[in-house]
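Chain letters run A, B, ... following the sequence lines, proteins first, then strands; residues in each count from 1.
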Amino acid sequence: MAVTLDFIIQAFQMVLVLALAPLLTGLVRKLKTRLQRRQGPSIIQPYRDLIRLARKEVVLAETASWLFRATPYLVFATTWVAAALVPTFATGLIFSWSADLIAIIAFLATARFFLALAGMDVGTSFGGIGSSREVMIASLAEPAMIMIVFTLALVAGSTQLSIVAEVFATSGVGLRVSLGLALLALIMVAIAENGRIPIDNPATHLELTMVHEAMVLEYSGRHLALIELAASLKLLLYISLIGCLFLPWRLAPAGAGIEAMAIALGIYLVKLAVGGTLLALFETVIAKMRVFRVPDFLGAGLMLGLLATLLLFVTRSL
Amino acid sequence: MTILLLSVVGLLVLGLVSIPAGHSPRMSAIVYGLSAAITAVLLAHALAHLVSGSGPVSQTMPLGLPWIGVHFRLDALSALFLAIVAAGGLAASVYGIGYGRHEESPGRVLPFFPAFLAGMVLVVLADDAFTFLVSWEFMSLASWALVMAHHREADNARSGYVYLIMAAFGTFCLLLAFGLLAGAQGSYAFSAMRGEALTPVTAGLVLALALVGAGSKAGLVPLHVWLPLAHPAAPSHVSALMSGVMTKVAIYAFIRIIFDLAGPIEWWWSVPLLVVGACTAVLGVLYATMQEDMKRVLAYSTIENIGMIFVGLGLALAFAANGFAAAAALAMTAALFHAINHSLFKSLLFFGAGAVLRATGERRMDALGGLIHRMPRTGIVFLVGCVAISALPPLNGFASEWLMLQAILQSPDLPEWVLKLSIPAVGAMLALATALAAACFVRIYGIVFLGRPRTAEAAAAREVDGYALTAMFALGGLCLAAGVLPGFVIDGLAPVVSGLVGARMPTQAGMEWLSIMPVAESRSSYNGLLGFLFIVFSASMAAFVIHRFASRAIRRAPAWDCGFPDPRPAAQYGASSFAQPIRRVFAAAIGAKETVDMPLPGDLRPARFSSVIRDRVWDLLYQPVVTGVAAAADRLNRFQFLTIRRYLSLVFVVLVGLLMVLALWQ
């Protein structure tokens, strides 16, 4: 019985992240337009876009190979699996032990690997520019993320995300310098990984400033829908990650009652809304950087992560 | 043991026989077929020894130096590396059956191929310094002959020359290391060396000599300069053996000397290993990302992986010296697992590069493109290799990378401050190298296999033969198997690891759902199998739902490219342009320089862009030596053209000088 319930919670979470991801994207877009004193599309516009795209026929470039057609499914699947393993409202999910935080990051890296390949598949110059910049950004963001994982794991004694969240929620970890640095680094990495301003602009169609959009320029129809959905999922994943690690209050542990679950779910929704609002605010007040300023930004993230880890190597109490 | 030695004799005889008979294509197939059969026997024997967990087997034969004899021994460590050698040799032999048919000078490849294999097998079996060094040198020379197989091609002669000098230098260092290990009695058998007590200074010297001797063969920075020259110059299946297998033999030599023969280990030994390993990993992958020759990319990436393995060994040393047995076992398992993985995917990738070379006659990435359409099977299996080497789940590269990161997480408890402060930085460099490896392999796959063909040769490529595909798919299958079921590999490594550091990782076979777990008290776990199944399941479900309920219509049209598609293939991103962002970011580390020559308005000259990358290590370390030797040779050249009178007076002066020395000595 308990196992069935665990399965149901895990399945519910998988559906939940999938259902909420476009809403989060819609919320961020709506808030940004309001902050710019524009009306903007409705908050549920991303759902409509996805359905419309999914129904359209795919216009496939003549030079595209099977890899180009398989990539959207693979990118969506890996991102979804990764997103489903991050505790949203409940910890101790039934499959949480199958992938720790390092593996979750590596799943996202797999998704990016294939997306960068797809960008090169058609053989256009824009695809190439997007892929080459994306791998450059990733090659700095990933080590920064690993350093953050080291920091969290050294504090919590495990790389298992569920356990880290539980430790942070229940025992008095307290305010620590290392965790503060890690949070800062994590926000920087999250911005870069999701291609938000100031690293990349998700709304741009000015060719030379695009990174992610240039990579997926040749996609259309259902393929594009899947890639957009994966991008929304990734944004949700990072906000959930920051939420469950640094604001772990009221996460429902394994075997909690329905009531606790409902409260945790409500709090999770609030966390998402706050995260989305902050992102929209941040993106409104800041300007995009030049591509070759990005390494400075991410290098700072890497150094913060390294410093946080180093502090914990020096003493476990920092 | 007898079977093993008979197999080695078989390989040697095979090499001899193929000298007169090596010119017909049919003979080449027979030679490769026979060497495949012999390596299969060796592989079966090595695996049986590993799995059965039986004790060491030794054999002494009255050959070699009369007062020593020749000692052979098969223990868990040599069985593991014998399995790596035999598996790589088997794959290369099967690949060679098809590939060797097109060899333009089979007489220069066939005799040396089995001899090279025999040399590597003898190195891992040797149980005294004399046998070891003779086999080591035999292996080096056989591989040198294979590097020189296509000696008429530009640059190959220089590659062979640099390789020969570096190999001789490496052997020289190992000779001195064994000399120190042998102690005052001069006992050359390994069993006697184990009992020899070393002073700290001697032990430090042994470490330095082993690091230089084995490291030069493995490709540690700054001793790596020969590797990217020599490995690509050989025929592709030999490149695979050199990169995938011979570097592992060098790792074996290092492990054997330091963990087995040198006696009790000191914690500070780990510091040079960690520093050199981390620098090797980062520099290797950075140079790999900059290369424009496919095989040279792979060769530089070998340097990166060797760096990672040495970091693992360094961690194992640090933990073992401080008595952290479980963590030492974890780090050692990670290093050995990565050695196995690297031998699998690097052989696979070199085979793929050979297939491309065979199909198009090109190794330059900028002359290729779009091969996924013309060579679909090679395209799939090469992709598997690229994903595996980029340490992405669910393949095997990630499993060993994960263990390595878990080992780093065990290290804050180490008491030494040097280690405390350096290991986080080493971890960051390891993560950086891994992330850059993904960039490097996106680049090689994207430019060679994806996009549009850049030359007529690439457009007319044909899929390679069945033998080559069999070898590649077998290795690809092993990469997947080791990735989704890493627990079995870890358990298989247990006897080797416990022989080296005195402990083993927790038994993984009993874990639920075949997960793996680094140390007993850690609550971390990773499950490649479930991850793989989840991804396959969600991807196929997404495909099903969308095709069933939304749309499955598809229309082929010209590429969009923002409305201005350029039909010329040169408009695509190429090898150099793809690397440009990374080249600019890491320009200082790799000595990259870009110059733009933009003519003034009205000037009709074309604008020019040039980018140069210089290997700083070569400029700083080797160039002075080369210049010095050349200058000395010039000076000494004068002595060749003296009159007989001057020669006689020279002889007289030298004689008097020597007598003076002798007189002063007493």
Please check if the distance between the ring centroids of Phe441(B) and Phe113(A) is under 6.0 Å.
-> no
Contacting region of Met429(B) [heavy-atom separation from chain A under 4.5 Å] | neither
Under 4.5 Å from any heavy atom of chain A - which part of Phe534(B) = both
Interchain contact, Ile51(A) with chain B, by part (heavy-atom threshold 4.5 Å) | neither
Contact class of Ser515(B) relative to chain A, heavy atoms under 4.5 angstrom | side chain
With chain A, which of Gly370(B), Pro394(B), Ser411(B) has the greatest number of heavy-atom pairs at distances under 4.5 Å?
-> Ser411(B)
Atom group of Ala156(A) that falls short of 4.5 Å from chain B, counting heavy atoms | backbone
Presence of salt bridge, Arg452(B) and Glu62(A), under 4.0 angstrom | no
May I ask you to say whether Arg583(B) pairs ionically with Glu594(B), meaning some side-chain N is under 4.0 Å from a carboxylate O?
-> yes
Aromatic ring proximity, centroids under 6.0 angstrom, Phe449(B) and Tyr445(B) = yes
Would you give the length of the straight line joining atom CZ of Phe68(A) to atom NE2 of His223(A), rounded to the nearest 0.5 angstrom?
-> 8.0 Å
At a heavy-atom separation under 4.5 Å, does Leu414(B) approach chain A through its side chain, its backbone, both, or neither?
-> neither
Given a strict heavy-atom distance threshold of 4.5 Å, which part of Gln406(B) is in contact with chain A: side chain, backbone, both, or neither?
-> side chain
Max heavy-atom pairs within cutoff under 4.5 Å with chain A, candidates Ser538(B), Ala550(B), Ser524(B), Ala539(B), goes to Ser524(B)
Cut-off 4.5 Å, heavy atoms of chain B, and the answer for Phe114(A) is side chain
Side chain from CB out, backbone as N, CA, C, O: work out which of these in Leu383(B) comes under 4.5 Å of a heavy atom of chain A, or both, or neither.
-> side chain
Counting only heavy atoms closer than 4.5 Å, note whether Pro565(B) contacts chain A via side chain, backbone, both or neither.
-> neither
Whatever's closer than 4.5 Å to a heavy atom in chain A on Ile535(B) counts as both
Interchain contact, Val81(A) with chain B, by part (heavy-atom threshold 4.5 Å) | side chain
Glu57(A)/Arg552(B) salt bridge by N-O under 4.0 Å criterion | no
Chain B contact via Arg316(A) - which portion, at a heavy-atom distance below 4.5 Å = side chain
Tell me, for Val536(B) versus chain A, whether the close heavy atoms (under 4.5 Å) come from the side chain, the backbone, both or neither.
-> neither
Chain A heavy atoms under 4.5 Å from Cys440(B): which part of the residue, side chain, backbone, both or neither?
-> neither
